[in-house]
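Before any comments, here is the structure.
Scope of the values below: all heavy atoms of this structure, side chains included, with no hydrogens, waters or symmetry mates. Each chain gets a letter, A, B and so on, in the order the sequences are listed, and its residues count up from 1.
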Number of protein chains: 2
Amino acid sequence: MKSYREYCAVAQALDVVGERWTMLIVRELLIQGPCRYTDLRNGLPGIATNLLAERLREMEKAGLIRREDAPPPVATTLFHLTDRGAELRPVVDALGRWGGPLVTRPIGDDEFRSHWLAMPLELHLSDHAPDRAPITIEIRAGDHPMLVETVDGKVRARPGRAEHPDAVLTGTGSQVLGLLLGHLDLAEAKRRGLQFEGDSEVLDRVRPRITETV
Amino acid sequence: MKSYREYCAVAQALDVVGERWTMLIVRELLIQGPCRYTDLRNGLPGIATNLLAERLREMEKAGLIRREDAPPPVATTLFHLTDRGAELRPVVDALGRWGGPLVTRPIGDDEFRSHWLAMPLELHLSDHAPDRAPITIEIRAGDHPMLVETVDGKVRARPGRAEHPDAVLTGTGSQVLGLLLGHLDLAEAKRRGLQFEGDSEVLDRVRPRITETV
DNA sequence: CAGCATCCGCTTTGATACTG
DNA sequence: CAGTATCAAAGCGGATGCTG
């Protein structure tokens, strides 16, 4: 991208991360950790493969990412965020908070990847009863199951299945988000097609308290 | 800009504010308040006039700004941020923090407008002696003079001159920023060409304490 | 002057095909 | 798996002109 050539921190930040796709590549690496090229392409539906390659080169030169050859048996290149790249988290978080109200509507024909849930869930949920036994919620939406776990007063989300989850949510991304972020109560979410099994009390334990305008 | 078509708050935020110039228009309106078309164009050196007009239309449709006919004697159109638009401040702040380290180098041939100083100064400075009499620093850098004032434990910057400022800084944008953000001590800043008049103790009163990595 | 619209050359993007 | 090559279409920057 052409530089703005302004002596202003905001403009110079945008010179580095303002180009199309760049912040979304950062998002992918923040959520998923080190990724293969193919993982990135799957997490960025619609990106042209030449553009992904080009952005990765630019981001490496800008010091945002580092490319590392994984040792066997993986034996492939992994793209890592550098420390400087990881410092973009506040920017991604701020964008995610601001964009929150835009994803309260149903999902339409937008693309969806289940790992994208990790960001809003970790941003808006927390464990209101950190002294009780930790809980696990399994989410089945999108391309692969996700686990939501309480740890240390916070909520962590990661891909995976649980042996004995306290609850299982099955539905679309917007149904799951609507229920967990508190826009929909359980009855309404079910009416819209969400399946819920398990202990409904876990919801009140993690959902945002003062209905933040999410 | 073409939509990413992803069901993700970050991507949908970028669908609205990710296009070239948009965040910088928000920056201008956050710093300057309601602006005329001409004010915006002056604060965005390098923007093509057709692009500014197009962005303003898009931003109005997206609910970020509102256009209002100022009453006489001004009698011109003023572009305001809506509440929703003003909620982008955390995004701009996060970008400004991340970009901070990029503007520690000298100014080179980048464009500079003195009102851009307001953002880093209000972001990084604060009044460490809020119980003492408020102070005023006048800054002469760039296109017009700025005032830095302590109020309520915080620091406010705005265009203007002071009758009896506690200090006057004259130099380039990078010299002024270097001194006030604490990368340069007074001696070093002077050696680089900054002129300082007044009480040098005001510096320690407002400069960041634990030299944050700005 | 303030607030645009038009035109034109150039760059960036997106879609697809192909390769070590 | 991890890219490169190609090409049409869209977006951008600069210059200029128009209207109240």
Where do N or O atoms of nucleotides 6-12 of chain C meet protein N or O atoms at under 3.5 Å, pair by pair?
none

Rounded to the nearest Å, what distance is computed from the [atom1] atom of residue [X] to the [atom2] atom of nucleotide [N]?
| X | N | atom1 | atom2 | answer |
| --- | --- | --- | --- | --- |
| Ile47(B) | dG13(D) | CD1 | P | 8 Å |
| Arg20(A) | dA9(D) | CZ | P | 18 Å |
| Leu52(B) | dG11(D) | CG | C1' | 16 Å |
| Glu58(B) | dC12(D) | CD | P | 8 Å |
| Leu44(B) | dG3(C) | CG | C1' | 15 Å |
| Asp39(B) | dG3(C) | CG | C1' | 12 Å |
| Leu14(A) | dC12(D) | CG | C1' | 16 Å |
| Asp69(B) | dG20(D) | CG | P | 16 Å |

From the set dG3(C), dC12(D), dG3(D), return the single nucleotide nearest to any side-chain atom of Thr76(B). dG3(C)
Return no unless some side-chain N or O of [X] is found under 4.0 Å from OP1 or OP2 of [N].
| X | N | result |
| --- | --- | --- |
| Trp21(A) | dG14(C) | yes |
| Arg57(A) | dT4(D) | yes |
| Arg67(A) | dG3(D) | yes |

When the C1' atoms of the five terminal pairs at each end define the local axes, what inter-axis angle does the helix from dC1(C)-dG20(D) to dG20(C)-dC1(D) show, to 10 degrees?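 The end-segment axes of the helix from dC1(C)-dG20(D) to dG20(C)-dC1(D) are tilted 30° relative to each other.
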With a distance cut-off below 6.0 Å to the six-membered ring centre and an angular limit of 45° from the axis, does Arg84(B) pair with Trp98(A) as a cation-pi contact?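 Yes, cation above the ring, under 6.0 Å and within 45°.
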Lys/Arg cation over aromatic Tyr4(A): Arg20(B), 6.0 Å, 45° cone: yes
Taking 4.0 angstrom as the limit, do [X] and [Y] come out as a salt bridge?
| X | Y | answer |
| --- | --- | --- |
| Lys190(A) | Glu188(A) | no |
| Lys154(B) | Asp127(B) | no |
| Arg55(B) | Glu58(B) | yes |

What is the minimum heavy-atom distance between Arg207(B) and Leu125(B), and which atoms define it?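 The answer is CA-CD2, 3.9 Å.
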Would you name the heavy atoms of Ile31(A) and Met119(A) that are closest together and state the gap between them?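 Between these two residues, the closest heavy atoms are CG1-CE, 3.8 Å.
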Identify which one of Thr49(A), Asn42(A), Thr77(A) satisfies the side-chain hydrogen bond (donor to acceptor under 3.5 Å, both in side chains) criterion when paired with Tyr37(A).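 Answer after filtering Thr49(A), Asn42(A), Thr77(A): Thr49(A).
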Which one of Asp166(A), Val148(A), Leu169(A), Val168(A) satisfies the side-chain contact (heavy atoms from CB on, under 4.5 Å) criterion with Glu138(A)?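 The passing option is Val168(A).
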Mind checking if Ala53(B) touches a base, just sugar-phosphate, or nothing, with heavy atoms under 4.0 Å? sugar-phosphate
